[in-house]
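Accompanying notes for the structure given below.
Just so it is clear: chains get the letters A, B, ... in the order the sequence lines come, proteins before strands, and each one is counted from 1.
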There are 2 protein chains.
Amino acid sequence: MQEVKLPRREREKLRHRRQMLAAALALFSEKGYHNVSMHEIAESAEFAIGTLYRFFANKEDLYRALMLEHAEKFHEALTKALETPDDEIEKLRHYVRVKGEVFGGNLSFVQLFLAESRGARVNIKARLDEEVRKGYDETLERLASVFKRGMTKKRFKRIGDPYALAVALDSVVNAFLLLSLEWPDRYPYPEDPDKVLDILFRGVLET
Amino acid sequence: MQEVKLPRREREKLRHRRQMLAAALALFSEKGYHNVSMHEIAESAEFAIGTLYRFFANKEDLYRALMLEHAEKFHEALTKALETPDDEIEKLRHYVRVKGEVFGGNLSFVQLFLAESRGARVNIKARLDEEVRKGYDETLERLASVFKRGMTKKRFKRIGDPYALAVALDSVVNAFLLLSLEWPDRYPYPEDPDKVLDILFRGVLET
DNA sequence: CTACAATGTGAACGCTGCGTCATGTTTTGA
DNA sequence: TCAAAACATGACGCAGCGTTCACATTGTAG
């Protein structure tokens with residue numbers, strides 16, 4: 001994680017790259033992939049098109065870089081949240097809380113992801129999706145194994161397949177996050193993770 | 001609902017229109033709005049481009065027609081499902097079952113909807129979204145009021161805001177549907193709606 | 001059979017947007 | 001100080017797409 005000792009030139013190069021990615025993210029998330037031109041991105045980042053193409057082979061490559069970098073961040077955070085040595089219930093609480101935090105700190109990326117990710121955007125992605133998706137699926141598997149462990153420990157009722165439960169929890173979390181995005185005032189994402197988990201907990205927990 | 005008594009010519013016109021819409025839906029859902037050209041649609045429907053433009057003013061108009069027609073179908077079905085005079089629990093069961101049915105019968109539309117609806121596809125839609133979204137929101141409101149009624153009747157615990165519960169249920173249903181789309185064998189959408197509802201019920205129901 | 005309306009056709013046009021490359025500018029190292 | 005390497009630039013070529021319109025074909029009514 002230490003990258004301070006790079007030749008002056010290289011550091012600037014990286015900084016430029018980041019600026020371009022940032023500009024691209026802002027534009028993509030606001031207008032959607034297809035409604036943003038490479039010229040627009042270059043202009044917004046205050047570089048010439050040629051320069052943009054010096055960093056990214058083409059539009060899709062730029063997009064892929066954007067997605068991969070952010071997705072990795074998400075994946076790491078959520079994985080770590082589930083790695084804490086706490087018991088199962090506490091793990092789920094961590095998950096809900098951390099997901100809310102990472103989400104809130106990367107709104108434009110989330111917006112972009114939701115806008116472009118679902119369905120068969122065959123040309124774009126197809127391969128990208130596979131990579132991003134892999135991390136997401138892995139997270140879901142870890143979530144599922146938390147449920148599974150909880151069941152064998154008799155802390156959770158065997159209400160359904162652990163993976164299905166993981167999917168259910170994650171989708172509820174997503175729904176609440178989306179809701180808070182639309183009406184931040186009326187439905188803010190709750191500080192207390194149990195406000196979310198109760199929906200499952202009060203049913204899943206062994207009484 | 002009876003439209004049989006139309007002049008021969010008109011009926012053919014309608015049939016052609018439907019063929020074009022069907023071709024468009026197939027292509028859009030497979031490749032996404034922006035990756036399908038009007039030429040492609042025309043060819044796939046076995047008409048000339050000029051003919052296509054005789055039926056739809058432009059690409060967006062065609063897309064709008066597609067979305068509106070299908071969305072209406074969905075909206076009607078779900079509204080009816082919640083209108084049955086049964087008690088609250090039965091209504092929810094209806095909802096889960098009917099949504100599964102309509103979903104299963106319109107896979108390509110669902111795929112298209114999921115692909116294009118989320119996020120800020122500013123140019124396209126914006127206005128369309130508003131129309132389709134309206135129906136969706138209305139359905140959610142009705143769902144919410146089912147939860148509310150159930151609470152006042154003391155059949156449901158007051159675990160959270162009724163609207164939030166509605167959103168949660170709907171998102172779980174969607175997640176299960178999506179899941180069944182990806183792995184039909186391992187996670188088929190359950191015949192028995194309680195398989196889905198249990199996740200909420202066993203927590204929400206007053207013991 | 002004829003004239004008119006309705007419907008179908010596809011070549012052509014204008015425009016947008018991706019990606020290239022010859023040229024100019026800055027940095028480096030000797 | 002100077003040559004070579006690294007980097008930046010933006011006018012241009014080119015392909016693809018949405019849309020139009022003058023013309024052809026088919027159906028209808030008198």
Pairing of K13(B) and E10(B) as salt bridge, 4.0 angstrom limit: no
Test: R15(A) and E12(A) ion pair at under 4.0 Å: yes
Spacing between F55(A) atom CZ and dC7(D) atom C1', to the nearest angstrom: 8 Å
Rounded to whole Å, the OH-P distance (Y53(A) to dA6(D)) equals 24 Å
Could you state the atom-to-atom distance from CG of L62(B) to P of dT19(D) in whole Å? 10 Å
Name the closest nucleotide to the M38(B) side chain, picking from dC7(D), dC12(D), dG18(D). dG18(D)
Axis-to-axis angle across the helix from dC1(C)-dG30(D) to dA30(C)-dT1(D), five pairs each end, nearest 10 degrees, ~ 0°
Does S37(B) have a side-chain nitrogen or oxygen under 4.0 Å from the phosphate oxygens OP1 or OP2 of dG16(D)? no
Is there a side-chain contact between P190(A) and V196(A), using heavy atoms and a 4.5 Å cut-off? yes
In whole Å, what is the span from the CG atom of N35(B) to the C1' atom of dG16(D)? 13 Å
Spacing between E46(A) atom CD and dT9(D) atom P, to the nearest angstrom: 10 Å
Would you mind checking if K134(B) and E138(B) are paired as a salt bridge, meaning a charged N to carboxylate O distance below 4.0 Å? no
Only counting residues at least two apart or in another chain, list the ones meeting ring-ring contact (aromatic ring centres under 6.0 Å, His included) with Y53(B). none
Any chance you could list the contact pattern along nucleotides 22-30 of chain D? Use B for base contacts, S for sugar-phosphate-only contacts and - for none, protein heavy atoms under 4.0 Å, 5' to 3'. -----S---
H16(A) side-chain proximity, nearest of dA8(D), dC7(D), dG18(D): dA8(D)
Plane angle bin for F156(B) and F201(B) - parallel if under 30°, tilted between 30 and 60°, otherwise perpendicular: tilted
Closest-nucleotide mapping onto DNA chain D: is G50(B) or E40(B) further toward the 5' terminus? I mean the 5' end. E40(B)
Point-to-point distance, once rounded to the nearest 0.5 Å, from CG of D161(A) to CE of M151(A): 7.5 Å
Just the rounded figure in Å: distance from P of dT20(D) to CG of N58(B). 8 Å
So CD of E83(A) and NZ of K80(A): to nearest 0.5 Å the spacing works out to 8.5 Å
Nucleotide dG18(D), atom C1' - distance to NE2 of H34(B) in whole Å: 13 Å
With sequence neighbours left out, which residue pairs that include part of residues 97-113 of chain B fulfil the salt bridge (charged side-chain N to carboxylate O under 4.0 Å, His left out) condition? K99(B)-D170(B)
On a heavy-atom basis, which atom in L165(A) and which in G160(A) lie closest, and how many Å separate them? CD1-O, 4.0 Å
Which residues satisfy the ring-ring contact (aromatic ring centres under 6.0 Å, His included) test with H70(A), sequence neighbours excluded? F109(A)
Between which nucleotides of DNA chain C, 5' to 3', does chain B make heavy-atom contacts below 4.0 Å? dT7(C) to dG10(C)
